[in-house]
Colleague: 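Please see the structure below; I have some questions.
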Amino acid sequence: MIGRALFHGFIGLIYLFITLPILVVLVASVSTTPYLVFPPKGFTLRWFSDITSLGDFITAFEYSFEVAVLATALSMLLGTWIALVIGRNQFPGRSLLMSFFLSPIILPELAVAVGLLQYFSQSGLIHGLLAVVLAHSVICTPYAVRTITAATARADRSIEDCAASLGAAPWRVLRDVTLPLLKPGLLSGAIMAFVISFDNVTISLFLSAPGRITLPALLFNQAAETGLNTTIAAVSALLVIFMMGLMLLVERAIGLEKFFQSAVAPSKRAA
Amino acid sequence: MATNLVLEKVSRGFGQLTAVNNIDLHVQPGEFLALLGPSGCGKTTMLRLIAGFLSPDSGRILCDGEDITKLPPYRRKLGVVFQNYALFPHMTVLENVGYGLKVAGVPRVEATSRARAALARVGLTTQDDRFPAQLSGGQQQRVALARALVIEPRLLLLDEPLSALDKSLREEMQVELRQLQQRLGITTIFVTHDQEEALTLSDRVAVMRAGRIEQLGTPREVYDTPVNSFVATFLGTTNLLDGTVAAVADGVASVRIANAEFPFPAASFRPGQAVQVTLRPENVSLASSGSGIAGTISDVLFQGHRLIVLFEAEAGGEWRAFCPPNSGPWHKGEPVWMGWTEGAAAIISKGDDDA
Ligand SMILES: Nc1ncnc2c1ncn2[C@@H]1O[C@H](COP(=O)(O)OP(=O)(O)OP(=O)(O)O)[C@@H](O)[C@H]1O
Ligand SMILES: [Mg+2]
């Protein structure tokens, strides 16, 4: 009994440790002081209304969103292709190729950023939004590949074989059976990609241009220039709330999918 | 009407392993053929080759004379049912069954009514709008069967379709499956590792081992006259008796087993040759006096529908007999004589296999 209580207490502490910084930001954002203090002094929502006056943040948010959506779409296309074509077929050099596609997960982001910047500026053709989206896709795709590969490994190949034997050509099997079977995996892959892109600072900073900067990069710049002020905390607080809202939405969507996912495993006798 | 299927020298390996080894097989139109063998002997691989999910390393597969070796699975028009049913989890029962028709471009109304008819044929009429996960194992099995049959396939390929069901349901489904197959007259290949199921259902049984067909014949042939001890033991309990050919005359070999001699119809044996005889326990006759192989009863086990009498021969060797429960009475330690009616035992030439 005591052991259990201790264990739960320990887990609770870990959670607290992880979430504390976020809580600090949320709480500190209502302080009446213009600089960041904890605990906050007084209570005001002034910094939140202030944000709207700072059009830069809104533009940056829109830009971030645009980049994240495009990078997610591109990563999902690539990730699905890689998971299905390379993940599912046996050929020499397959695992090497797979490691190559997963390598951005372990490579230092800074190195990736510098390398891409160099590459883009030399090629001269790729700049602005396209450059950022491509760069983000480089780091998002591995996560998409990971989640989708896990989903393809779980999915029962004989279901697709059955569809083929019923007369479905490969593209039809993909559309009617494979992708629906992978839906939960695809959704989690998309969330991963979106979050990774939306959160990214390093690469976005390197590839930013005046007026074309993502929100995290803008926050980083501001903090570097003027120190931590309460406006930054307020923007961060809004970001946290935005992300949580997004997760809740997706959770609801995935919650519905669980029903199907349970049926992907060889079906047991159900109630 | 029904389709015939021919496999010509078909082989398929995975790395070092040859899962299907140079198989020749002719399946007759309308035939119910069982592929029987232990786990890993290549049954599923053979079925997947026929279905086109795998391609053979060598050999040809012909369907009604048409070479389908290179044809992709979606052009073969074969009905497939797997052990885990492999239903589409995101489609309802009706959508599952109707899928093959939808893909073929059959108009919606017609597809629905044909899917309903197929479901009715397998005895499932009230579950149209359910999802597979909401069905019992037996119901899923029926959906899988209806889905395969609705496209009016040339062949029906079944990979252990009943093995996930519990015993009583399995026996019920065996009968239904057999009746359905007979009614439709569709050529059917049925994979199983359950010998009783294979014997019960099929017109012919192909007993497989390590990628090869050891014996192909009617259930009676493979059961009563197995070609080797592997087939004999795989198809149920048997006594393997060692003997020596004493004399051969007029196509009858006289074989000495223990202290007695028994006649066997056999052509190609020479005197002095060591042979092995397979004798099913239910064909053993025991007598408390008289002739035959002398020995002692070492144990009697009551199984309800029968007795198992364990018998130790004077000349060495322990054998078993299945007797009706009210026969005997047999007692442990009593002397008995063992024999069989002519034709109830079969010679397996010794040394032709390692089982
Ligand atoms: N895709 C594959 N890759 C590698 N080896 C395989 C593959 N499929 C089958 N094998 C091997 O081929 C052999 C035959 O397999 P198969 O599935 O045909 O056996 P089976 O007779 O159906 O057995 P079971 O009764 O267990 O289903 C096995 O040794 C198996 O490990
Ligand atoms: Mg198998």
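Order of the sequence lines fixes the chain letters, A, B, ..., with proteins taken first and strands second; residue numbering starts at 1 for each chain.
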Colleague: Can you give me the closest heavy-atom contact between A:V177 and B:F88, atom names plus distance?
Modeller: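 Looking at all heavy atoms of both residues, the closest pair is CG2-CE2, 3.8 Å.
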Colleague: Atom CZ of residue position B:R48 - does it have more than 12 heavy atoms of other residues, nucleotides or ligands inside 6.0 Å?
Modeller: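 Atom CZ in B:R48 is crowded, with more than 12 foreign heavy atoms closer than 6.0 Å.
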Colleague: Would you indicate whether A:Y119, at its atom OH, is surrounded by more than 12 heavy atoms from other residues, nucleotides or ligands within a distance under 6.0 Å?
Modeller: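 No - once you tally the heavy atoms of other residues, nucleotides and ligands closer than 6.0 Å, there are 12 at most.
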Colleague: Counting heavy atoms not belonging to B:R75, are there more than 12 under 6.0 Å from its CZ?
Modeller: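 Not buried by this count: 12 neighbours or fewer within 6.0 Å.
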Colleague: Of all the heavy-atom pairs spanning B:L87 and A:I159, show the shortest one and how long it is.
Modeller: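 Taking B:L87 first and A:I159 second, the nearest heavy atoms are O-CD1, 3.7 Å.
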Colleague: Over all heavy atoms of both residues, which pair between A:D176 and B:M91 is shortest? Give the atoms and the distance, please.
Modeller: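 Nearest pair, atom of A:D176 first, then B:M91: O-CE, 3.9 Å.
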Colleague: Tell me, out of B:A148, B:A144, B:A164, B:G100, who's got the most heavy-atom pairs with chain A below 4.5 Å.
Modeller: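 Looking at each of B:A148, B:A144, B:A164, B:G100 in turn, B:G100 comes out on top.
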Colleague: I would like to know whether B:F82 and A:D161 meet side-chain contact (heavy atoms from CB on, under 4.5 Å); could you show each step before the answer?
Modeller: CA-CA 10 Å; B:F82 287 113; A:D161 286 344; 4.3 Å; yes
Colleague: Just checking A:F91: does its CZ atom have more than 12 heavy atoms from other residues, nucleotides or ligands closer to it than 6.0 angstrom?
Modeller: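 Count over threshold, so yes.
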Colleague: Is it the case that more than 12 heavy atoms not belonging to A:F100 sit under 6.0 Å from its CZ atom?
Modeller: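 Counting other residues, nucleotides and ligands, CZ of A:F100 stays at 12 neighbours or fewer.
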Colleague: Quick one: which of B:R76, B:Q83, B:R147, B:Q139 has the most heavy-atom pairs under 4.5 Å with chain A, could you say?
Modeller: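 Maximum pair count with chain A is reached by B:R147.
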Colleague: Looking only at heavy atoms, what is the nearest atom pair of B:Y99 and A:A163, with distance?
Modeller: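 For B:Y99 versus A:A163, the nearest heavy atoms are CE2-CB, 4.0 Å.
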Colleague: Are any non-hydrogen side-chain atoms of A:S158 and B:V80 less than 4.5 angstrom apart?
Modeller: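 No. Closest side-chain heavy atoms not under 4.5 Å.
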Colleague: Looking at B:E196, I'd like to know if its CD atom is crowded, meaning that more than 12 non-hydrogen atoms belonging to other residues, nucleotides or ligands lie closer than 6.0 Å.
Modeller: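 Counting neighbours around CD of B:E196, 12 or fewer heavy atoms of other residues, nucleotides or ligands fall under 6.0 Å, so no.
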Colleague: Closest heavy-atom contact between B:Y74 and A:P170?
Modeller: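 Minimum heavy-atom separation between B:Y74 and A:P170: CE2-CD, 3.3 Å.
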Colleague: Using heavy-atom distances under 4.5 Å, tell me whether B:I151 contacts chain A through its side chain, its backbone, both, or neither.
Modeller: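 Answer is side chain: those atoms of B:I151 sit under 4.5 Å from chain A.
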Colleague: Of all heavy-atom pairs between B:V103 and A:G167, which one has the smallest distance, and what is that distance?
Modeller: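 For B:V103 and A:G167, the tightest heavy-atom pair comes out as CG1-O, 3.1 Å.
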